[in-house]
Amino acid sequence: MSIAKTYTPADVEAKWYQRWQEQGFFKAKPNPRKPAYSVVIPPPNVTGVLHMGHMLNNTIQDVLVRRARMQGKEACWVPGTDHASIATEAKVVALLKEQGIEKSSLTREEFLTHAWSWKEKYGGIILEQLKKLGASCDWDRTRFTMEPELTEAVLRVFVDLYRKGQIYRGVRMVNWDPQGRTAISDEEVIAKDTMAKMYYLRYEVVGSPLSVVSKQNDTDNEQLQTTNYITIATSRPETIMADVAVAVNPNDERYKHLHDAKVRIPLLGREIPIITDEYVTMDFGTGGLKVTPAHDLNDYELGIKHNLPVIDILNDDGTLNEKAQLYVGQDRFAVRRQIAKDLEQAGLLDKIEEYASVLQTSERTGAVIEPKLSLQWFCKMDQMAVKALEVVENDEIRLHPPKFKNMYRVWMENVRDWCISRQLWWGQRIPAYYLPDGSFVVALNEEEALRQAREQSGNADLQLTDLRQDEDVLDTWFSSWLWPISVFDGFKDPDNADVNYFYPTDDLVTAPEILFFWVARMIMAGLEYRKQVPFRNVYLTGIVRDDQGRKMSKQLGNSPDPLDLIAQYGADGVRTGMLFSSPAGNDLLFDIKLVEQGRNFTNKLWNAFRLVKGWEVDASLPFAGAKAVEWFGAKLQASIAELDDHFDKFRMSDALMTVYKLVWDDFCSVYLEMVKPAYQAPIDPETLKHTTAFLETLLKLLHPFMPFITEELWHELAERKAKEYVCVASWPKAQAAAGSAEVLTRMEKALDIVAGVRTIRNQKGLGPNKPLTLAAKTDDTALLTDYDAILRKLAALSDISVVDAAPAASVGFVSGGAEFFVPLEGQIDLGAEKARLEKELEYAQGFRDSVLKKLANEKFVQNAKADVLERERQKLADAEGKITALEQSLKGL
RNA sequence: GGGAGAUUAGCUCAGCUGGUUCAGAGCAUCUGCCUUACAAGCAGAGGGUCACUGGUUCGAACCCAGUAUCUCCCA
């Protein structure tokens, strides 16, 4: 035999992936004779390279898709990437900077040329990497969120929602990223706990001379302070120049005398009013609140309520502008440090306290977010959210695991309008066109915009050059929320065959982090534009962490390179390794041992094949493996049913574990050991036929998890016709044969006897092959005769006999109420043997007593269901049988 | 501060409507084996006060209340 002893995945993976593609197995098209099954990939960033999170996510998708394909469905997995506007633009800007080019020196068109060439060069990397993993996507359907068709879809939706009044332009407080110089949505803000400083500043009360301040003693001081100045606590002293009022709670006794007074902003000296509002918390800080509408959302609302002006002192890059009057041109953080010093020198800083605070940072750039008032485009969420919540509440869409339903509900009930404009160039430019008079029109293209503008202005001479298109682009999620529809061209051609057949898709596999800003919005878009949910099931994966529970990241350097892993352990090994420990919704603590286990499993399968393949057949031999075949057949059916059940409930780890144990424990350790002929002896044709068929079924069951090795072995196992691949083989159906339960329990009993003998071998230090004899004291002699060959083979017995009493000098064990003895001349330690039996007896008696107690309890007998009672009686009978057996054994000693 | 979830073997997790031989799996551990399919392996073994405290029940890992710890979400 010249088959290698270990499996080398590198030799076969590329080959099979290419063959599958040549055969067109991954291609899907509407087929009325088949049920559709479709999945859209969560489009990775076009800038991205494969990381462990992608590996997990795409492995799960591939398992689902491959199984569906084998189940005879028209399986369609649509791949693609998204343009990731802020991340990509940041990357291109950085790259240009390296080349000595500043973005500011380029026109929009020039910059986009650079960006597109960058995309052409690097944009496909991640998709190529997915092929290494075995992803069975229909590559002909690869889409990109910024390609012309998808861009058109985005613009159509924008125009449509604008017309429906769902999109509006307005001044709102947005999350401003001063580094990316763009607004970002609430979902892109990450809150970080930090220690911050609280500065206590003195605002002089107008008309009360500071000279009255006395510092004689502390108690007086406090009283005097409030008469001469009011102390305000703030974490952001650099914003005082934007203050427009000081607010106190009207019920606050400390400040009642100050109502209607005015105070002076420290350093700046500008006078601002004191206002009263119940909103102010009396026991936070000093009970006085500086009101800075331009730089705080709550202050902004307070400002509107009290009709206060807005003074915005910040530039887009986080430096102070001339409205600040002081520190103009300096960065906000530099100003904070400086102003603290200046205030202290001026005697206007009471104290600085440390306190635990939350810092809002940008997900993309890490910069501290600046709440900033700006003119942005918004998409209304309230109506869409109601519908999107309903379909999850009523299980039209199921979240796996369901615990995410709670989270989803909370978010949908508290959703705010979606800021969809971004101050970037890389993305779909907002199709709003401004007229010279400042009004605007929204239209799909320039011609239409001009037509509308002429109509709106009444000026028929208006030219295209008079119109100015909005400079901003749309949030990337405004493209990806259309993904399940747009990839099937459902906007361009809403009644096309693809979208009618493949939409709604079936399963979506993604991370909980984007449940809201992607999943929820896809549901909204689906309901809005197809009147149908975009998918039926949402499988939420966890985060891949290292063995210390830290999130894997480039910065920490704790993430292995997925492609290195594949090269080292094989794609099949990596796939199974990731799935071994990934219950839905739970984080996966990645350990290289899991991948090793996966690799070992492929090797185990390889060797099982090697054994079967190596057998010579002797056509004259009778069918020797009948009992084994009967048993494994039953076991296989039971496992298939279990496997399907796990799949239906999206329990991927459990599904894998079911096949893993079926292959390793039942097929290799038990079945093959039963039917395996002696060394170099031939096998009978009937047993071989069944064994090969079993192995073939196992390859099918394993294929979704381990596509490469199963395809390789499938072709090694037999001559195959042109299109006969395991990749498209039919998924085995569970068929419960009559009496299979009985078959399984009988074999379990036989195997328990084998285990008993093996334990004795281990305990007595006997080799695995030293022939032993077995004496049985049992009523079930049929078990011994039916399974005679199997018992002899697996337990290496030279003789099995039935006895009435324990033979002299033997070691015994109890199995299923019967007693078994292995005569061991000269190797018996009577004392130890007696102690062991007594211990076992005591245990059995304790158990019997507890059952007796239960059965003696009238209430139990009255209340318990019949089958429960029956089980308890059976337990009692078994226990008593065991006790008698043990007592006999002890007497025999 | 508000809300949700979790706590079961050394680790990662199952345990479905309370009753399936006094709680299961994989990995790890320990013991013995280089037995010609596989040492990336084989055979066997040990290991748990189901976080804690009460309650409901004939019966609780499971239901209820409280406590502790952790995680996530929101502010």
Side-chain angles (χ1 to χ4, degrees), chain A residues 1 3-7 186 191 298 358 401 403-411 413-414 512-513 515-516 543 547 549 569 573 580-583 585-591 593-594 596-615 645-646 649 651 653-654 656-658 660-661 664-665 668-669 672-673 676 679-680 754-770 794-796 816-817 843-844 846-851 853-865 867-872 874-879 882:
Chain A
M1 238 7 254
I3 307 172
K5 215 170 163 183
T6 49
Y7 170 60
D186 292 340
N298 296 316
V358 180
K403 68 176 179 183
F404 286 105
K405 222 166 149 176
N406 283 330
M407 245 169 78
Y408 182 84
R409 183 186 310 113
V410 169
W411 192 77
E413 283 172 350
N414 297 290
E513 298 129 80
L515 179 59
F516 308 136
I543 295 167
D547 52 5
Y569 295 94
F580 274 132
S581 174
S582 58
N586 276 11
D587 289 354
L588 182 153
L589 295 190
F590 181 81
D591 191 328
K593 279 179 185 163
L594 291 168
E596 257 173 46
Q597 193 188 343
R599 189 265 323 257
N600 294 354
F601 185 40
T602 58
N603 199 50
K604 185 71 185 176
L605 184 66
W606 175 259
N607 276 288
F609 157 76
R610 209 157 71 91
L611 175 69
V612 174
K613 188 73 182 169
W615 286 336
D645 184 50
H646 285 317
K649 290 171 180 155
R651 298 197 290 226
S653 277
D654 294 330
L656 173 60
M657 193 48 71
T658 300
Y660 179 83
K661 287 196 282 192
W664 199 306
D665 299 343
C668 293
S669 296
L672 288 179
E673 291 301 327
K676 173 165 106 176
Y679 182 56
Q680 288 188 331
V754 171
V757 177
R758 284 173 171 174
T759 304
I760 289 172
R761 280 184 190 278
N762 259 290
Q763 282 168 348
K764 301 293 167 195
L766 307 167
N769 290 323
K770 181 188 165 71
L794 297 196
Y843 187 74
F847 177 65
R848 177 198 55 192
D849 292 348
S850 76
V851 178
K853 206 169 142 191
K854 216 185 263 188
L855 287 169
N857 184 331
E858 272 177 45
K859 285 190 176 168
F860 171 71
V861 179
Q862 274 167 18
N863 295 325
K865 277 177 274 177
D867 59 324
V868 174
L869 259 174
E870 183 48 43
R871 265 178 229 134
E872 290 301 319
Q874 187 58 46
K875 276 192 214 173
L876 182 65
D878 288 350
K882 191 166 183 179

Per-nucleotide protein contact string for nucleotides 34-41 of chain B, where B marks a base within reach and S marks sugar-phosphate only (heavy atoms under 4.0 Å, - for neither): -BBBBSBS
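- Arg848(A) is linked by a side-chain contact (heavy atoms from CB on, under 4.5 Å) to Gln845(A), Leu852(A), Leu876(A), Ala879(A), Glu880(A), Ile883(A), counting only residues two or more places apart in sequence or in another chain.
- Considering only residues two or more places apart in sequence or on other chains, Glu413(A) meets the side-chain contact (heavy atoms from CB on, under 4.5 Å) condition with Leu389(A), Arg409(A).
- For Lys405(A), the side-chain hydrogen bond (donor to acceptor under 3.5 Å, both in side chains) partners at least two apart in sequence or on another chain are Asp395(A).
- The side-chain hydrogen bond (donor to acceptor under 3.5 Å, both in side chains) check on Asp654(A) picks up nothing, with sequence neighbours excluded.
- Regarding Asn298(A), its CG atom lies at a distance of 14 Å from the C1' atom of C74(B), rounded to whole Å.
- Of the residues near RNA chain B, Arg651(A) and Val754(A), the one whose nearest nucleotide (by heavy atom distance) lies more toward the 5' end is Arg651(A).
- The nearest whole Å value for the distance from the NZ atom in Lys593(A) to the P atom in U29(B) is 7 Å.
- Atom CG of Asn762(A) is separated from atom C1' of G46(B) by 13 Å (rounded to the nearest Å).
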Between the protein and nucleotides 4-8 of chain B, list every N/O to N/O distance that falls short of 3.5 Å.
unit_1 : atom_1 : unit_2    : atom_2 : d
A4(B)  : O3'    : Asn406(A) : ND2    : 3.1

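- Residues satisfying the ring pair (Phe, Tyr, Trp, His ring centres under 6.0 Å) criterion with Tyr7(A), sequence neighbours excluded, are Trp606(A).
- Taking the P atom of each, C70(B) and A61(B) are spaced 26 Å apart, rounded to whole Å.
- Scanning for side-chain hydrogen bond (donor to acceptor under 3.5 Å, both in side chains) contacts around Tyr569(A) gives an empty result, with sequence neighbours left out.
- A51(B) sits 8 Å from U69(B) when the C1' atoms are compared, rounded to a whole Å.
- The residue among Val410(A) and Met657(A) whose nearest nucleotide of RNA chain B is located toward the 5' end is Val410(A).
- Remark: RNA chain B takes part in the stems B:1-7 with B:68-74, B:10-13 with B:24-27, B:29-33 with B:41-45, B:51-55 with B:63-67, each of 3 or more antiparallel Watson-Crick or G-U pairs, criterion distances under 3.5 Å.
- No side-chain donor-acceptor contact under 3.5 Å links Arg610(A) to the backbone of Thr6(A).
- Between the CZ atom of Phe580(A) and the C1' atom of C11(B) there is a distance of 16 Å, given to the nearest Å.
- Rounded to whole Å, the separation between the C1' atoms of G10(B) and G47(B) comes to 9 Å.
- Between the CD atom of Gln597(A) and the C1' atom of C11(B) there is a distance of 13 Å, rounded to whole Å.
- Nucleotides G5(B) and A9(B) place their C1' atoms 23 Å apart, quoted to the nearest Å.
- Leu611(A) pairs by the side-chain contact (heavy atoms from CB on, under 4.5 Å) definition with Trp615(A), Leu672(A), Lys676(A), not counting sequence neighbours.
- Separating the C1' atom of U17(B) from that of G59(B) is a span of 16 Å, rounded to the nearest Å.
- Atom P of nucleotide G15(B) and atom CG of Asp645(A) are separated by 12 Å, given to the nearest angstrom.
- One atom, CD of Glu513(A), and another, P of C74(B), lie 11 Å apart when rounded to the nearest Å.
- Arg761(A) and Ala795(A) get closest at one heavy-atom pair: NH2-O, 2.8 Å.
- Atom pair Lys649(A):NZ and A14(B):P shows a separation of 14 Å (rounding to whole Å applied).
- Here, G26(B) and G44(B) have their P atoms 13 Å apart, quoted to the whole Å.
- Legend: residues meeting side-chain contact (heavy atoms from CB on, under 4.5 Å) with Lys649(A), ordered by chain and number and at least two apart, are Asp645(A), Arg651(A).
- Considering CZ of Arg758(A) and CG of Leu766(A), their distance stands at 14.0 Å, rounded to 0.5 Å.
- Legend: residues meeting ring pair (Phe, Tyr, Trp, His ring centres under 6.0 Å) with Tyr408(A), ordered by chain and number and at least two apart, are absent.
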